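Worth saying up front: this structure is predicted, and the values here are computed from it rather than measured. Quick note: numbers below take in every heavy atom, side chains included, and nothing from hydrogens, waters or symmetry partners.
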Amino acid sequence: PQTPAEANQWYSVTYGNGMFVAVATDGAHRVMTSPDGVHWTARSTPVSENWYSVTYGNGLFVAVAGGITFITSPDGINWTERDFSPTYAGGWLSVTYGNGKFVAVGNNGGSYQSITSVDGINWIGHSAPEANQWYSVTYGNGLFVAVTQGGTDQVMTSPDGENWATSTAAGAYPWFSVTYGNGKFVAVAPGNHIMTSFDGASWALQTSISEPGDWLAVSYGNGQYIAVAGNGFVSSSQDGTNWTTQATGAEVWRSVVYGNGMFVAVSSSGGIMTSGKTDSNLISTNNIYQGGMTINGGLTLPSSFFDSTNA
């Protein structure tokens, strides 16, 4: 249980259509799927790329990489190779779905920092006020919000993924990931930095996390924000301000998602961790129960907050 299908560098995980889907930047099989977050199956793709991000929307999984190629799948199992227009090739690091369209961000080395698609197949490129390498994008409260690791203005917002306005981050840190939930955007950066915003424009730095987390990803589900770090830490918060942190071991956690009543995180060092399973799905490994805990309420998280294993 919770052993990845292959010990690849897993960079992104999403949930949709009853399936967790993770993508990797290396390995013989760079996609793996799981209906329960515990038992994983390697999947073949028509092309081997450095897959950086995957999302689900409108009945379709879409994964993007650093080149001209992207892949789509209705079920996470059978994938189709597709190509962006050469004008839009390269540099896409994050993709999300919201407001009836897919939006990917990055910087293709030219005039485009975002691309949008209604069907996940045909894309249109858009420029941003600042040509940064945009690293993460999310959707919430009628707004797409993207963050970046560098540049003058490290946040940009858009109601449609096409017309963008930049905002000043709460600090000049390398912002890796942003999410939305409970009326608030939350962004994280290595070096123990977290910032929050109600509108995507005005941001406040949060300082309640005491552990030195190299935060690389953040997600929201079941009343909790969950942040995961490249130095093995995981932290939870109900409000984005007050955080409870635990160590999970030497894993480089890259992505976390909520689906089917549980959180699932994947790492570029080959690990998977889960939490939030229902009592009816308790699984015991090495005398440690994986699950049996709903991550909500005012719980004090035990050391078994996440149970993690790798190959």
Give the minimum heavy-atom separation between [X] and [Y], together with the two atoms involved.
X      : Y      : value
Val257 : Ser219 : CA-OG, 3.8 Å
Pro190 : Pro174 : CD-O, 3.2 Å
Ala217 : Val256 : CB-N, 4.2 Å
Ala128 : Met156 : CB-SD, 3.5 Å

### Message
Checking Ile115 against Trp92 for the side chain to side chain contact (heavy atoms under 4.5 Å, CB included) test, could you report, in this order, the C-alpha distance in whole Å, the side-chain angles of both residues, the deciding distance, and whether it holds?
### Response
CA-CA 9 Å; Ile115 47 176; Trp92 306 114; 3.5 Å; yes
Just by distance, do the side chain of [X] and the backbone of [Y] share a donor-acceptor pair under 3.5 Å?
X      : Y      : result
Ser158 : Phe144 : no
Ser94  : Val137 : yes
Gln154 : Thr148 : yes
Asn132 : Asp153 : yes
Ser197 : Ser202 : yes
Thr116 : Val103 : no
Glu81  : Val47  : no
Arg30  : Thr25  : yes
Ser255 : Val266 : no
Thr72  : Val62  : no

### Message
Take a 6.0 Å sphere around CD1 of Ile68 and say whether it holds more than 12 heavy atoms from other residues, nucleotides or ligands.
### Response
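Yes, the 6.0 Å shell around CD1 holds more than 12 heavy atoms from other groups.
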Is there side-chain contact between [X] and [Y], with heavy atoms separated by less than 4.5 Å?
X      : Y      : answer
Trp175 : His193 : yes
His126 : Asp160 : no
Met273 : Trp253 : yes
Gln113 : Ser127 : yes
Ser136 : Leu93  : no
Thr179 : Tyr225 : yes
Ile194 : Trp243 : yes

Could you state the interatomic distance from [atom1] ([X]) to [atom2] ([Y]), rounded to the nearest 0.5 Å?
X      : Y      : atom1 : atom2 : value
Asp75  : Met19  : CG    : CE    : 6.5 Å
Ser85  : Tyr112 : OG    : OH    : 8.0 Å
Asp239 : Asn182 : CG    : CG    : 8.5 Å
Ile71  : Arg82  : CD1   : CZ    : 11.0 Å
Asn8   : Ser269 : CG    : OG    : 11.5 Å
Lys184 : Ser237 : NZ    : OG    : 7.5 Å

With clusters defined by side-chain heavy atoms of hydrophobic residues (ILVMFWY) lying less than 4.5 Å apart, directly or transitively, does [Y] cluster with [X]?
X      : Y      : result
Ile77  : Val23  : yes
Val188 : Phe233 : yes
Val95  : Tyr88  : yes
Trp203 : Leu205 : yes
Met32  : Phe20  : yes

### Query
Going through the distances and angles, do Met195 and Val155 end up as a side chain to side chain contact (heavy atoms under 4.5 Å, CB included)?
CA-CA 11 Å; Met195 65 177 178; Val155 179; 3.7 Å; yes
### Query
So Phe102 and Leu60, side chain to side chain contact (heavy atoms under 4.5 Å, CB included) or not? Walk me through it.
CA-CA 10 Å; Phe102 295 92; Leu60 199 68; 4.3 Å; yes
#### Entry: Near-ring test Trp123/Phe70, centroid separation under 6.0 angstrom
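Close enough - the centres of the two rings lie under 6.0 Å apart.
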### Query
So which of Trp215, Trp134, Tyr135 actually passes ring pair (Phe, Tyr, Trp, His ring centres under 6.0 Å) with Phe176?
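Testing each of Trp215, Trp134, Tyr135 against Phe176, the sole residue satisfying ring pair (Phe, Tyr, Trp, His ring centres under 6.0 Å) is Tyr135.
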### Task
Output every pair passing side chain to side chain donor-acceptor pair (under 3.5 Å) with a member in residues 41-66, not counting sequence neighbours, ordered by first then second residue.
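Listed once each, the pairs are Thr33-Arg43.
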